[in-house]
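To find a chain, count down the sequence lines: A is the first, B the second, and so on, and within it residues start at 1.
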Protein chains: 2
Amino acid sequence: MKKYTIKDIAKLAGVSKGTVDRVLHKRGKVSETALKKVNSILDDIDFKPNFIAKQLKNNKIYTICVLLPDPKKDAYWESCIVGINKAVLEFNAFGIHVEIYFFNPTSTASFLKANLTIQAVAPDAVLLVPLFFKEASTIIEEYSNSGITVSIFNNHINSSPAKNFIGQDLFQSGRIGAKLLSSIISKGGLAIIHIDEKYNNAIHMQEKEKGFKSYFQELNAPKYNIITYKLKHSNIEKTLTSIMAEHPELKGIFVTTSKSYQVAEILQNEHEKKIALVGYDLLRENISFLKKGNIDFLIHQNPKQQAYLGLKHLIEHFLFDKEIPSQILLPINIINSESIKTYTGD
Amino acid sequence: MKKYTIKDIAKLAGVSKGTVDRVLHKRGKVSETALKKVNSILDDIDFKPNFIAKQLKNNKIYTICVLLPDPKKDAYWESCIVGINKAVLEFNAFGIHVEIYFFNPTSTASFLKANLTIQAVAPDAVLLVPLFFKEASTIIEEYSNSGITVSIFNNHINSSPAKNFIGQDLFQSGRIGAKLLSSIISKGGLAIIHIDEKYNNAIHMQEKEKGFKSYFQELNAPKYNIITYKLKHSNIEKTLTSIMAEHPELKGIFVTTSKSYQVAEILQNEHEKKIALVGYDLLRENISFLKKGNIDFLIHQNPKQQAYLGLKHLIEHFLFDKEIPSQILLPINIINSESIKTYTGD
DNA sequence: GCTTAAAATGTGTTCGAGCACATTATATTT
DNA sequence: AAATATAATGTGCTCGAACACATTTTAAGC
């Protein structure tokens with residue numbers, strides 16, 4: 001249980017701490033006899049170098065840049081900042097310097113420009129949302145070549161050299177949505193609705209759709225029939241009402257993006273029949289409709305936690321030499337009108 | 001952005017580091033003029049003492065004892081150990097020593113005995129599950145008098161001097177269960193079933209029942225009628241089948257404890273009609289029935305996270321001088337057969 | 001003005017690892 | 001055997017905060 005120091009070992013082995021140091025770090029210039037003496041002591045005891053002392057000697061300030069879509073353009077990203085601030089606060093006793101940058105999620109040029117700025121900063125690590133597949137891959141490659149550690153969250157990029165990803169299993173996410181709708185309604189028509197956002201997160205939507213369909217395929221229940229639509233924000237109301245007119249058997253809708261409130265808005269005027277609605281993300285508008293009962297369930301993608309963990313693992317990597325997990329898939333939270341209350345704080 | 005040291009401040013203020021030190025720690029023996037000089041510098045810059053150096057100087061090992069019911073007696077507590085180990089791992093670079101103790105949840109004597117052992121250890125803090133109201137209150141008082149910090153989790157004790165509690169809002173938890181059942185079934189009979197465990201966690205069950213009922217009262221829907229039963233483990237099958245015979249309108253069951261698998265076991269033989277079932281906690285048996293479809297939703301009380309956070313806040317209090325939050329109410333997670341997959345890891 | 005007490009201020013050491021540099025021991029060459 | 005090269009080992013300083021102790025300054029008393 002005693003904590004041994006290098007000095008202790010030196011004493012026990014009958015050599016100086018310099019020699020012990022050379023043995024520990026394999027710096028050579030140690031005689032056979034001295035090596036044996038030190039190693040025999042090291043075998044006997046459990047020596048762990050004092051991390052605190054190590055850090056003090058090192059005494060470096062690590063800079064980490066975070067790059068994400070501008071929350072002003074899409075409120076989904078707001079909570080990421082909360083998560084980042086949480087991590088910053090947690091480690092403010094250490095030499096960690098975090099800078100946050102935004103890019104316009106509708107503009108690849110903006111993404112590239114932001115990365116130029118970051119490259120000028122020359123940070124130790126970058127945590128980013130690789131919204132644009134192609135551009136992100138190149139950029140990440142560049143960072144890697146400069147010896148800058150890269151972690152990504154929210155979006156996965158298979159072919160990229162960045163190995164540290166934090167997000168959710170989108171396929172499974174779709175299955176969860178399917179299971180939820182099948183819990184609420186026992187038969188009838190179901191619609192998968194992709195609301196086309198200004199920027200393309202097609203992979204997200206596709207994976208969720210696949211998962212959703214796979215659930216019902218496995219269920220092998222012909223009592224459900226599933227239709228899929230891709231709506232544009234500009235004419236949702238018109239399209240949706242016509243879909244409903246065309247499909248009177250429609251009982252449930254699964255919205256694959258955070259824009260389910262736009263569907264809820266329209267559904268709330270449909271008084272004669274209740275259509276179940278499952279959507280994504282705890283946006284203010286979504287929460288409002290969830291509480292009112294127009295949205296039945298929200299699936300929580302937890303962007304706050306994604307950003308928090310991404311940053312935390314980078315920091316712990318630098319400070320404590322911990323390995324960064326190559327992939328973290330967060331639990332997918334199901335939220336209803338009553339449980340939403342418990343998600344406000346931490 | 002520069003990191004200032006005491007030496008820097010001394011230089012800027014034109015005094016020695018000893019004087020700066022005295023000002024920072026309010027140790028007195030500082031002249032009016034020197035005080036002013038140093039304070040004016042401190043006002044200008046953002047000085048945060050280097051935590052690493054502080055720790056190295058301090059070089060103390062903090063001992064924290066954790067006391068919880070024996071997981072061998074009730075599997076619910078198993079995951080607490082996982083949470084504790086997570087915290088221990090996270091801070092293993094620091095001087096933190098954690099000891100875990102168990103008590104028999106059916107025996108107050110065992111609880112008292114374990115606390116005697118802990119008191120002999122004389123730790124810096126204790127994290128415990130105050131299962132027995134009266135005994136826990138006394139014990140916590142004793143710890144406080146000895147200057148030992150106490151945090152509690154899972155159970156709340158109003159009248160105790162321990163202010164640091166981590167758990168969930170049980171009333172709200174009951175409301176969530178109610179909302180879930182009302183999502184699945186639109187009308188009919190509902191049963192609240194308390195399965196009497198060997199030890200009394202009556203407060204838990206009562207609060208959940210209150211919450212459950214309050215939801216339906218607010219809903220003001222006479223299409224539901226609610227019955228409440230308290231079952232003993234020994235004769236669940238007999239009692240439950242007689243209840244179902246007596247109440248053919250029964251459509252949903254809310255089990256307030258982690259023993260919903262016992263109900264599911266019986267329900268799986270009822271093939272002619274489907275009864276919705278909502279229960280608590282991710283025990284192996286519960287998960288199995290959730291996947292099979294006999295349990296519709298599980299409410300996750302997250303004992304792992306409760307233990308983890310309890311320990312983490314104690315550690316951060318000692319290491320970083322952070323204040324321990326007087327109360328943390330964790331989010332209440334809803335889990336279905338598809339989302340359970342995403343909860344296995346972290 | 002001198003002595004002594006008290007207050008104020010400064011100096012130096014410690015914590016443990018890490019590394020530069022100094023010193024000593026051994027081997028090689030002439 | 002002496003000179004030089006090379007290998008091996010030891011010493012001492014650094015990181016920044018904290019605190020004990022030494023030194024200086026100021027005030028009080030006669």
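Nucleotide C:dG18 holds its P atom 8 Å from the CZ atom of A:Phe47, rounded to whole Å. C:dG16 atom P lies 12 Å from atom CD1 of A:Ile9, rounded to whole Å. Distance A:Ile61 CD1 to D:dC15 P: 14 Å, rounded to the nearest Å. Residue B:Ile52 contributes atom CD1, which lies 22 Å from atom P of C:dT14 at whole-angstrom precision. Atom NZ of B:Lys29 and atom C1' of C:dA5 are 13 Å apart (whole Å). Put simply, CG on B:Leu56 is 12 Å from P on D:dA17, counting in whole angstrom units. In this structure, A:Gln55 places its CD atom 11 Å from P of C:dG18, rounding to the nearest Å. As rounded to whole Å, 8 Å separates atom P of D:dG10 from atom CZ of A:Arg22.
At D:dG10, one or more side-chain N or O atoms of A:Thr19 fall inside 4.0 Å of OP1 or OP2 (strictly under the cut-off). In this model, the phosphate group of D:dC15 is not approached by any side-chain N or O of B:Thr5 to a distance below 4.0 Å at OP1 or OP2. For the pair A:Asn59 and D:dG16, the criterion of a side-chain N or O lying under 4.0 Å from OP1 or OP2 is met.
Along DNA chain C, the nucleotide closest to A:Phe51 and the one closest to B:Ala34 are compared, and the more 5′ of them pairs with B:Ala34. Across the interface with DNA chain D, nearest-nucleotide mapping of A:Glu32 and A:Gly18 shows A:Glu32 to be the residue nearer the 5′ end. Each of A:Lys17 and A:Gly28 was assigned the nucleotide of DNA chain D with the nearest heavy atom; the assignment lying further toward the 5' end belongs to A:Gly28. Nearer to the 5' terminus of DNA chain C, by closest-nucleotide assignment, is the contact made by B:Thr33 (compared with the other of B:Thr33 and A:Ala53).
Picking from C:dC15, C:dC19, D:dT14 the nucleotide with the shortest atom distance to the side chain of A:Lys57 gives D:dT14. The B:Ile6 side chain lies nearest to D:dA17 when the options are C:dG16, D:dA17, D:dT9. Comparing D:dA8, C:dG18, D:dG10 by their closest approach to the side chain of A:Val15 singles out D:dG10. Closest contact between the side chain of A:His25 and the listed nucleotides D:dA17, C:dG18, D:dG16 involves C:dG18. When the nucleotides C:dT11, D:dA18, D:dC15 are ranked by their closest atom to the side chain of B:Ser16, C:dT11 comes out on top.
Taking the six-membered ring where tryptophan is involved, the planes of A:Phe318 and A:Tyr62 are essentially parallel, since the angle between them stays under 30° and well short of 60°.
For an aromatic pair to be called close, the ring centres must be under 6.0 Å apart, and B:Phe94 with A:Phe51 fails this. Note: A:Phe47 and A:Tyr4 fail the aromatic proximity criterion, with ring centroids not under 6.0 Å apart.
Using modelled atom types and a 3.5 Å distance limit, the side chains of B:Asn333 and A:Tyr343 yield a donor-acceptor pair. Between A:Asp70 and A:Tyr101, the side chains place no donor N or O within less than 3.5 Å of an acceptor N or O (distance only, hydrogens not considered). For the residue pair B:Tyr143 / B:Asn115, a side-chain donor-acceptor distance below 3.5 Å is found, with atom types taken as modelled.
If you check every strand for non-hydrogen atoms under 4.0 Å, A:Arg27 touches sugar and phosphate atoms only. Using a 4.0 Å heavy-atom criterion, one finds that A:Asp21 contacts the bases of the nucleic acid, with or without backbone contacts as well.
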